[in-house]
Colleague: 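Structure below; questions to follow.
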Amino acid sequence: MTLGCDAYGHDLGPFVDGELDGGRMLRLTRHLEECDACAAALEEVQQLGRILRESSPVDARPGRFDGFAAGVVARSVAERSMSWRATWERAIDGWHWVIVGGGSVAATFISTSLLSVILAFGAPHREDSLSAMVDNLSAPAGFLFVYASPAGDPGQDVVMLQVENGRPAAPPLISDLVVSRTNTPATEAELVARLQELITHDGRVISLDALTPERRLVAEALLDEITRLRARTTQPTRSFRVHEMRLVTGVSVKRS
Amino acid sequence: MAAGTTVKPVRAFTWSEAGTTDWDLVQQCIVGDEAACARLVTDYQRMVYQLALHLLGDPQEAMDLSQEVFLRVFRTLPQFRGQSSLRTWIYRIVLNQASNRQRWWRRRFRSHQVALEEHVENHGELPENRRHAMPDQVLQQNETAARVWRALSELPFDQRAAIVLREIDGLSYEEIAESLGIAVGTVKSRLARARVNLRGALRGSSEREG
């Protein structure tokens, strides 16, 4: 096969089939006169066609089509007079993929609608249900408060720190509590403002007993901190000894 | 012209007349003329059966498929608009039905390869072999034919359909494109791929002969 045979390889079939345009046919004819390999490939294509034609299945069984036309016509006539159900089945014959697709879309729509209705109007789940457990696991674990005192002075200056537990979504009131994340101490005025914000409702002071356990805990901590700040000397605190830790969750207070 | 030969004059028959005849036949079938329906089946039954046989390789399957094809032809005849010839339109139905059926057929039964004896039983020996060749040559050529047909049966359906329509049924590229509902360029590429695959089978037998 000479250089450039690749350019003619795709033309051999159309050449044999008589489907090559004039110019290419002329070029290929010239090439075939010079190139034995392409001539042999052409012979292969022709031989292939000969084999397929000469050895193609020919059903020479006598009477193969006896009664065939009559049978088909009779069946066709019978089909025409069949029930509406059969007519419908024939009409959708060949539409099976459309039906499958439509069915899938309809099933998805119905399932989604049903799920939405259940979520919107269904009964709340029990606390010991799997769904409740999943909700609890995915909810913020709570806020860890640490009661500690400055090292070397265990009787005084008990402070409360909020330690991040790695979960997001801390309520604003608590996240800014007492000592910030950067351990920058809050001023007394800020603490008083926090306390006012906490124990007032619609502009009126409410009893501590009316607060939720978490809010009450925070209020007490704020009062402690305000008291501590008022009694505190200007001695800086750098290290603390931990007395108690509280994990405040949405529903309970756990002590450790 | 040889002496003594007589030529009987006949009326010229044009393609446009053939189209008109087909169209009339279609109209008669649509209104439920059973004689016209029977004529349509008789006119095309051999063509449909042979194509089905070449595509499926099983006479009984081909016969069943032929029935299904004509039933479908009668069901969908009102949709025939005459944009292609009736022959091409029927080819298309055969190809669609065969494509559906061969998927199911191949999954169920056609995983085995065609034995030489089976091929000879189904297809017979090559006509030329029977006339001229020596017994060992006949055997050799039958083996080659069996290999080619086995390779054909293993081709993807689209390639097989293209090569059968071209080599056995003698359709032009344009007619194949219409029958398969594809572009002429796609016909060319499918034929080229089919021929490459089949020539591999042919070459294998040539090498063994060598």
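Chain letters run A, B, ... following the sequence lines, proteins first, then strands; residues in each count from 1.
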Colleague: Would L48(A) and R195(B) count as a side chain to side chain contact (heavy atoms under 4.5 Å, CB included) if you check the C-alpha gap in whole Å, the side-chain angles of each, and the deciding distance to 0.1 Å?
Modeller: CA-CA 8 Å; L48(A) 188 63; R195(B) 279 174 167 142; 4.2 Å; yes

Colleague: Using a cut-off of under 4.5 Å for heavy-atom pairs, which of Q67(B), R39(B), Q45(B) has the most such pairs with chain A?
Modeller: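 Of the candidates given, the most pairs with chain A belong to Q45(B).
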
Colleague: Please state whether the side chain, the backbone, both or neither of R166(B) comes within less than 4.5 Å of a heavy atom of chain A.
Modeller: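 Only the side chain of R166(B) comes within 4.5 Å of chain A.
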
Colleague: With chain A as the partner chain, list the residues of residues 173-192 of chain B whose heavy atoms fall under 4.5 Å from it, by residue number, and write 'none' if nothing qualifies.
Modeller: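 Y173(B), L191(B), listed by number.
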
Colleague: Taking salt bridge (charged side-chain N to carboxylate O under 4.0 Å, His left out) as the cut-off, I'd like each qualifying pair that reaches into residues 99-123 of chain A, sequence neighbours left out, listed once.
Modeller: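 Checked against salt bridge (charged side-chain N to carboxylate O under 4.0 Å, His left out) - neighbours excluded - no pair reaches residues 99-123 of chain A.
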
Colleague: Looking at every non-hydrogen atom in both residues, tell me the closest pair between S56(A) and H54(B) and how far apart they are.
Modeller: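 Where S56(A) meets H54(B) most closely, the heavy atoms are CB-NE2, 3.6 Å.
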
Colleague: Mind checking which of residues 86-93 of chain B sit less than 4.5 Å from chain A, heavy atom to heavy atom?
Modeller: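 Not one residue of residues 86-93 of chain B has a heavy atom under 4.5 Å from chain A.
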
Colleague: If I measure from the heavy atoms of chain B, does V72(A) come under 4.5 Å with its side chain, its backbone, both, or neither?
Modeller: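 Both backbone and side chain.
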
Colleague: Report all side-chain donor-acceptor pairs from residues 25-35 of chain B shorter than 3.5 Å, counting only partners two or more places apart or in another chain.
Modeller:
| from | atom 1 | to | atom 2 | distance (Å) |
| --- | --- | --- | --- | --- |
| D33(B) | OD1 | A35(B) | N | 3.0 |
| D33(B) | OD1 | A36(B) | N | 3.3 |

Colleague: Can you check whether M63(B) reaches R64(A) side chain to side chain, under 4.5 Å on heavy atoms?
Modeller: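 Contact flag for M63(B)/R64(A) side chains = yes.
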
Colleague: Answer with yes or no after comparing the ring centroid distance for Y49(B) and F65(A) against a 6.0 Å cut-off, counting only values under it.
Modeller: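 Close enough - the centres of the two rings lie under 6.0 Å apart.
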
Colleague: How close do R199(B) and A41(A) get, counting heavy atoms only, and between which atoms?
Modeller: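 Taking every non-hydrogen atom into account, NH2-CB, 3.3 Å.
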
Colleague: Just so I understand: if I count every heavy-atom pair under 4.5 Å between each of R53(A), H10(A), E19(A) and chain B, which residue has the most?
Modeller: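 The residue among R53(A), H10(A), E19(A) with the greatest pair count is E19(A).
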
Colleague: Identify which part of S172(B) has an atom lying under 4.5 Å from any heavy atom of chain A, answering side chain, backbone, both or neither.
Modeller: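 Both parts, backbone and side chain.
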
Colleague: Would you mind checking which part of E68(B) comes under 4.5 Å of any heavy atom in chain A, side chain (CB onward), backbone (N, CA, C, O), both or neither?
Modeller: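 Contact with chain A is through the side chain of E68(B) alone.
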
Colleague: Could you tell me if the side chain of L52(A) sits less than 4.5 Å from the side chain of L198(B), heavy atoms only?
Modeller: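 Side-chain contact under 4.5 Å: yes.
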
Colleague: Taking every non-hydrogen pair under 4.5 Å, which of V196(B), T42(B), D169(B), I168(B) racks up the most with chain A?
Modeller: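 So the answer, after comparing V196(B), T42(B), D169(B), I168(B), is I168(B).
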
